There are 2 protein chains.
Amino acid sequence: MKKSECLYLQPEKRNGMIERENIKVIGFDADDTLWINEPYFQETEDNFCLLLKEYAATDEVSRVLFEMEMKNLELYGYGAKGFMLSMVEAAVKVSKGNVPASIIEKTIMLGKEMLERPIELLDGVNEVLTALKGKYKLIVATKGDLLDQERKLRKSGLLQYFHHIEVMSDKKEADYSKLLAHLDCAPNQFLMIGNSLKSDVLPVLELGGNAIHVPYHTTWAHEKVEEENLNILKIDKLVDVLKFV
Amino acid sequence: MKKSECLYLQPEKRNGMIERENIKVIGFDADDTLWINEPYFQETEDNFCLLLKEYAATDEVSRVLFEMEMKNLELYGYGAKGFMLSMVEAAVKVSKGNVPASIIEKTIMLGKEMLERPIELLDGVNEVLTALKGKYKLIVATKGDLLDQERKLRKSGLLQYFHHIEVMSDKKEADYSKLLAHLDCAPNQFLMIGNSLKSDVLPVLELGGNAIHVPYHTTWAHEKVEEENLNILKIDKLVDVLKFV
């Protein structure tokens with residue numbers, strides 16, 4: 001195993017590597033693990049900043065939008081619709097109540113365009129799923145809007161690979177615990193693969209499960225955690241998963 | 001059985017009454033079956049119409065809003081966030097692009113207040129769930145925003161009664177079919193109880209399952225279907241369920 005393939009070892013409590021023979025269920029995150037997502041949000045945000053450029057600089061609009069998203073997170077949860085509502089509220093705030101209806105309308109249109117974008121699969125997705133199907137029970141475990149995530153899965157053409165799709169309101173330890181109970185799967189039989197340390201890796205390891213981190217070049221600020229001193233199995237490309245299972 | 005308790009018989013294909021001994025899983029709709037919901041949407045819509053009264057009469061605002069909701073339904077799905085986004089878009093349309101940011105802000109606030117309302121259980125809910133718990137596997141099968149429905153269930157204090165909560169992006173025959181497969185439950189072992197003929201009763205009967213209709217005084221226009229000539233088990237009050245199971 002080269003350093004570039006596996007930058008960190010598994011936490012000590014689980015004796016290093018994933019015990020391949022224990023694994024029964026493999027969970028995949030969806031956004032930015034199976035397909036491109038965060039860059040679309042970023043692009044939408046960039047266009048939103050342009051719409052408001054006469055009221056504030058890009059950085060300031062982005063700052064207010066992120067502040068609004070965090071303020072609304074408990075109430076709206078994750079996903080595109082909450083993001084759209086936060087953009088509308090941010091437009092009012094940034095403009096000090098002066099934003100015209102035409103810009104509100106354009107803001108909504110930006111969100112709708114994002115919702116309607118085609119799905120662009122990430123490299124190696126079909127190869128990995130084809131190789132693992134039949135050997136393991138494959139599931140998707142994703143946060144976001146229920147309908148939106150279901151639609152993206154349908155559009156992705158990947159539904160055929162999965163035994164179960166779980167759209168979760170959050171991905172904390174308790175949420176995974178519920179999911180595993182529901183799947184009748186012990187934590188050490190579960191491997192989660194995803195791009196977010198915070199949502200896909202750390203809570204699963206905490207439960208005593210297995211996880212592989214496949215970082216994506218863009219991460220939403222809310223999902224960022226300090227990586228230092230973490231002792232986690234991290235791969236460069238999704239296809240490297242096949243070296244471990 | 002008095003006429004007021006059961007206005008219609010079961011479809012002929014299932015020989016009249018519910019076969020109590022077959023039933024293993026009972027599904028409850030949530031909004032307007034377990035707790036008050038539609039009146040809160042109506043109240044929010046009334047206040048929204050007031051906000052826009054200088055641009056159009058109540059009926060016209062309501063008409064444009066419903067048109068917007070229907071146009072957006074496929075993209076947003078069911079639930080409060082989609083409703084909020086449709087209100088914002090309707091405000092722009094009704095005002096012919098003249099609505100000020102302050103009214104957009106107030107519109108968002110109306111939606112947030114609706115999301116934050118306490119849960120008001122309907123009559124007989126605790127009595128019915130207490131009587132049925134242990135005898136059957138009880139589940140909730142509801143449409144709407146995932147996080148919002150989960151929050152309402154938590155706030156309702158009813159979680160203890162349920163084996164499983166299913167938030168569905170839609171409640172058509174195929175959706176129930178998937179749910180039953182997932183629960184490993186044959187259609188004739190399933191009884192669905194809810195206020196919507198269209199979403200809770202007809203698709204379940206079509207599948208060969210059982211259903212009881214508990215109408216609620218207010219029904220969203222989108223959920224309305226012609227009731228004439230339907231041969232369906234309909235009760236006045238939720239507590240009457242206990243006469244059949």
Side-chain angles (χ1 to χ4, degrees), chain A residues 55 68 71-109 111-116 143-151 154 163-170 175 178 181-183, chain B residues 55 68 71-109 111-116 143-151 154 163-170 175 178 181-183:
Chain A
Y55 302 104
M68 208 58 91
K71 199 185 87 182
N72 291 332
L73 190 58
E74 202 190 324
L75 198 58
Y76 296 159
Y78 299 92
K81 281 179 287 181
F83 180 66
M84 291 168 73
L85 288 166
S86 290
M87 282 199 294
V88 171
E89 232 182 314
V92 175
K93 186 165 181 189
V94 156
S95 71
K96 298 191 172 61
N98 291 313
V99 66
S102 59
I103 290 186
I104 295 294
E105 193 172 25
K106 281 179 191 152
T107 299
I108 301 265
M109 290 311 130
K112 286 189 173 183
E113 279 162 24
M114 187 176 75
L115 278 169
E116 282 169 331
K143 279 190 303 200
D145 279 328
L146 181 61
L147 181 75
D148 192 28
Q149 296 305 77
E150 287 181 355
R151 177 170 40 224
R154 259 198 321 275
H163 166 81
H164 179 73
I165 309 298
E166 187 81 13
V167 182
M168 303 153 84
S169 55
D170 210 341
D175 305 293
K178 222 187 295 171
H182 177 70
L183 293 167
Chain B
Y55 302 104
M68 208 58 90
K71 197 184 88 184
N72 291 332
L73 190 59
E74 202 189 325
L75 199 59
Y76 296 158
Y78 298 92
K81 282 180 287 185
F83 180 66
M84 290 168 73
L85 288 165
S86 290
M87 281 198 294
V88 170
E89 231 182 315
V92 175
K93 185 165 181 191
V94 156
S95 70
K96 299 189 172 62
N98 291 311
V99 67
S102 58
I103 289 185
I104 295 295
E105 193 173 24
K106 281 179 191 152
T107 300
I108 301 265
M109 292 310 130
K112 287 189 173 184
E113 279 163 24
M114 187 176 74
L115 277 169
E116 282 170 330
K143 280 191 302 201
D145 280 328
L146 181 61
L147 181 75
D148 191 28
Q149 296 303 79
E150 287 181 356
R151 178 172 36 226
R154 260 200 318 277
H163 167 81
H164 180 73
I165 309 298
E166 187 80 14
V167 182
M168 304 155 83
S169 56
D170 210 341
D175 305 292
K178 221 186 296 169
H182 177 71
L183 293 168

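Treat the numbers as computed from the prediction; the structure is a model and nothing was measured.
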Engineer: What part of B:Leu85 lies closer than 4.5 angstrom to a heavy atom of chain A: side chain, backbone, both or neither?
Structural biologist: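 Looking at B:Leu85, backbone and side chain both touch chain A.
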Engineer: Restricting to non-hydrogen atoms, name the atom on A:Leu146 and the atom on B:Gly144 that form the minimum distance, rounded to 0.1 Å.
Structural biologist: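 In terms of heavy atoms, the two residues are closest at CD2-O, 4.5 Å.
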Engineer: Please classify the contact between B:Asn72 and chain A as side chain, backbone, both or neither, with a heavy-atom cut-off of under 4.5 Å.
Structural biologist: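 Contact with chain A is through the side chain of B:Asn72 alone.
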Engineer: Give, for atom CG of B:Asp175 and atom CD of A:Glu150, the distance between the pair rounded to the nearest 0.5 Å.
Structural biologist: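 Reported value, rounded in 0.5 Å steps: 7.5 Å.
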Engineer: Between B:Glu89, B:Lys112, B:Lys93, which has the largest tally of heavy atom pairs under 4.5 Å with chain A?
Structural biologist: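 Between B:Glu89, B:Lys112, B:Lys93, the count favours B:Lys112.
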Engineer: Given heavy-atom pairs under 4.5 angstrom as the criterion, report whether the side chain, backbone, both or neither of B:Met87 touches chain A.
Structural biologist: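 Neither; nothing under 4.5 Å.
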Engineer: Counting heavy-atom pairs closer than 4.5 Å to chain B, which one of A:Leu75, A:Val92, A:Val99 comes out on top?
Structural biologist: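 So the answer, after comparing A:Leu75, A:Val92, A:Val99, is A:Leu75.
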Engineer: Any side-chain heavy atom of A:Met84 within less than 4.5 Å of one from B:Met84?
Structural biologist: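 No, too far: nothing below the 4.5 Å cut-off.
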Engineer: Using a 4.5 Å cut-off on heavy atoms from C-beta on, say whether the side chain of B:Glu74 contacts that of A:Leu147.
Structural biologist: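 Heavy-atom side-chain distance check fails, nothing below 4.5 Å.
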Engineer: Please classify the contact of B:Lys178 with chain A as side chain, backbone, both or neither, using a heavy-atom distance under 4.5 Å.
Structural biologist: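 For B:Lys178, neither part sits under 4.5 Å from chain A.
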Engineer: Considering non-hydrogen atoms only, spot the tightest contact between A:Asp145 and B:Lys81 and give its length.
Structural biologist: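 Looking at all heavy atoms of both residues, the closest pair is OD1-NZ, 3.3 Å.
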Engineer: Given that the side chain runs from C-beta out, which part of B:Val88 has a heavy atom under 4.5 Å from chain A: side chain, backbone, both or neither?
Structural biologist: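 Only the side chain of B:Val88 comes within 4.5 Å of chain A.
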Engineer: Over 60° means perpendicular and under 30° means parallel, so tell me whether B:His182 and A:His164 are parallel, tilted or perpendicular.
Structural biologist: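 Rings of B:His182 and A:His164: parallel, as their planes differ by under 30°.
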Engineer: If every non-hydrogen atom of B:Gly97 is compared with every non-hydrogen atom of A:Ala101, which pair is closest and at what distance?
Structural biologist: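 Minimum heavy-atom contact is O-CB, 3.3 Å.
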Engineer: For B:Asp148, is it the side chain, the backbone, both, or neither that has a heavy atom closer than 4.5 Å to a heavy atom of chain A?
Structural biologist: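 Neither; nothing under 4.5 Å.
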